Amino acid sequence: MAAAAGVSIATASRVLGGSTRKVAPENEARVLAAAAALRYTVDASARAMRRASDSIALVADDLTTPSMAVVVAAMEREARTAGAFVTVSSTMGAVERQLETVRVLRSLRPRALVLTSSRFMANALGGRLLKELGSYEREGGRVVIVGETDMTFDAIGFDDFAAGRSAGAFVAETGHRRVAIFGGARELRNMGSRTAGFMDGLRAGGLDERDIRVVYCEVSRQGGFDAARRLAGEGMSGTDAVLAVNDTVAIGAMSGFRAAGLAVPEDVSVTGIDDIPLAGDVTPRLTTVALPLAQAGVEAIRFALGNAGAGRRLTLEGRLIVRESTRPRK
């Protein structure tokens, strides 16, 4: 650009970089003319590297879920205490969209990237996402993953299997003998771990595997509602409890049973996982395994703003909270 304008590199940089230092009007005009002729655009990444950024970019699957709302709120509170702020992007779990979002954010040079999803794997898209994240860290950024991953970045996760096992064991211990698991989509790794935990806890409590039915449904209130209506429409077949992979599905299931003329917990007990705020407000209040969602958000910011680690791993445990949506069976 400087050569085309016939000026020094420093002069071209001052004009194109918006420097406050004075440049002769004729030289400024020559640089701008050369920029227009060569179709020059600002390199956001290079410019951003000249200044410190206080932003932390969160890349999430779906920002509308109640559990993600808890995580994001905790991240924002923690970031503010450190003088930083959080920006958010949603990818709906599409790997190509995750890659494109990371590329755009990398050019803007946030201080750190926090990625949260059910699963981030090194071989995704032939390793292109891993390569993009690695390049970003080599440029001075930080990457933190909230969720399951085999990448070597700092990561925070939940023990989903243990959460499921805790709920399954409780349902078995309280005398339930025919159980339906509303298991969510098969490809969601965290939901699969919860379902496997449910199965393990139920078997450990004495249930025969033939008395455990897995019903795959959309991970949403509507998914739980539809699954409950289908189950009720089939006559329940003696099912006296439902274990749902999260509270949103469980709340939908309670509504679905009610619409079908069944009472919770008199006819069927319902249990979830997460302990979203609504779990304590619905009627009956939902028995669930509380996951430390807010803590995950706080720890993600601390990892992002702290000293670089060597692939640190933090696994957070849940705890069973018994409420009125479950009733012991004799």
Side-chain angles (χ1 to χ4, degrees), residues 60-62 64-71 92-93 116-119 146-148 157-172 176 178-205 207 209 212-231 239 241-257 264-265 268-279 282 286-293 296 315-323 325-326:
D61 285 352
D62 185 356
T64 66
T65 64
S67 56
M68 182 51 59
V70 174
V71 174
M92 301 310 295
T116 178
S117 183
S118 61
R119 194 181 191 197
V146 179
E148 183 177 345
F158 301 104
D159 193 336
D160 290 302
F161 180 86
R165 193 182 193 285
S166 174
F170 167 74
V171 165
H176 299 85
R178 290 185 67 84
V179 178
I181 297 171
F182 289 2
R186 297 173 186 266
E187 65 271 14
L188 297 177
R189 187 63 175 266
N190 59 337
M191 301 304 170
S193 294
R194 294 180 186 188
T195 297
F198 288 152
M199 295 285 292
D200 192 64
L202 291 169
R203 287 193 297 261
L207 268 73
E209 194 156 334
I212 306 170
R213 177 182 177 185
V214 180
V215 178
Y216 291 99
C217 64
E218 180 181 283
V219 183
S220 66
R221 181 193 175 281
Q222 189 63 48
F225 181 91
D226 293 341
R229 288 299 301 269
R230 287 196 303 271
L231 187 61
T239 299
V242 164
L243 289 162
V245 288
N246 71 11
D247 290 349
T248 304
V249 173
I251 290 168
M254 290 197 296
S255 182
F257 285 131
V264 177
V268 57
S269 292
V270 177
T271 302
I273 292 179
D274 279 342
D275 195 31
I276 61 175
L278 188 58
V282 293
L286 181 65
T287 293
T288 187
V289 178
L291 296 181
L293 301 170
T315 300
L316 302 175
E317 304 285 342
R319 61 186 179 88
L320 180 69
I321 297 180
V322 179
R323 299 191 181 108
S325 69
T326 55

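These numbers were taken from a predicted model, which means no experiment stands behind them. As a basis for the values below, the full set of heavy atoms in this structure was taken, side chains included, without hydrogen atoms, waters or symmetry mates.
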Counting distance only, does the side-chain N/O of Asp159 pair as donor-acceptor with the main-chain N or O of Glu317 below 3.5 Å? no

Quick check: does any side chain N or O of Thr248 sit under 3.5 Å from a backbone N or O of Arg221, one acting as donor and the other as acceptor?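 Answer holds: no.
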
Just checking, any donor-acceptor pair under 3.5 angstrom between side chains of Thr287 and Thr326? yes

Are Thr239 and Arg213 close enough that a side-chain donor and a side-chain acceptor fall under 3.5 Å? no

Would you please test Glu218 and Asp226 for side chain to side chain contact (heavy atoms under 4.5 Å, CB included) and show each step? CA-CA 9 Å; Glu218 180 181 283; Asp226 293 341; over 6 Å; no

Walk me through it: do Ser220 and Gln222 pass the test side-chain hydrogen bond (donor to acceptor under 3.5 Å, both in side chains)? CA-CA 5 Å; Ser220 66; Gln222 189 63 48; over 6 Å; no

Side-chain heavy atoms of [X] within contact of [Y], under 4.5 Å:
X      : Y      : result
Val70  : Ile276 : no
Thr288 : Ser325 : no
Met68  : Asp62  : no

Looking at every non-hydrogen atom in both residues, tell me the closest pair between [X] and [Y] and how far apart they are.
X      : Y      : value
Leu207 : Ala172 : CD1-CB, 3.8 Å
Gly272 : Ala250 : CA-CB, 4.0 Å
Ala279 : Asp247 : CB-OD2, 3.7 Å
Gly183 : Met191 : O-CB, 4.0 Å
Ala163 : Val289 : O-CG2, 3.4 Å
Val245 : Val249 : CG2-CG2, 4.4 Å

Can you tell me how far [atom2] of [Y] sits from [atom1] of [X], rounded to the nearest 0.5 angstrom?
X      : Y      : atom1 : atom2 : answer
Phe225 : Phe182 : CZ    : CZ    : 11.5 Å
Phe198 : Leu243 : CZ    : CG    : 5.0 Å
Ile212 : His176 : CD1   : NE2   : 13.5 Å
Ser166 : Ile321 : OG    : CD1   : 10.5 Å
Thr195 : Phe161 : OG1   : CZ    : 11.0 Å

Step-by-step side chain to side chain contact (heavy atoms under 4.5 Å, CB included) determination, Ile251 to Leu278: CA-CA 9 Å; Ile251 290 168; Leu278 188 58; 3.8 Å; yes

Here's a test for you: under side chain to side chain donor-acceptor pair (under 3.5 Å), which of Arg165, Arg189, Arg194 qualifies with Asp160?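 Of Arg165, Arg189, Arg194, side chain to side chain donor-acceptor pair (under 3.5 Å) with Asp160 is met by Arg194 alone.
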
Give the C-alpha distance, both sets of side-chain angles, the deciding distance and a yes or no for side chain to side chain contact (heavy atoms under 4.5 Å, CB included) between Val215 and Ile181. CA-CA 6 Å; Val215 178; Ile181 297 171; over 6 Å; no

Test side chain to side chain contact (heavy atoms under 4.5 Å, CB included) on Asp61 and Met92; report intermediate values, then the result. CA-CA 4 Å; Asp61 285 352; Met92 301 310 295; over 6 Å; no

May I ask you to decide whether Asp275 forms a salt bridge with Arg323, counting only side-chain N to carboxylate O separations under 4.0 Å? yes

Please determine which of Asp274, Thr315, Ile273, Leu293 meets the side-chain contact (heavy atoms from CB on, under 4.5 Å) test together with Phe158.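 Exactly one pass, corresponding to Leu293.
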
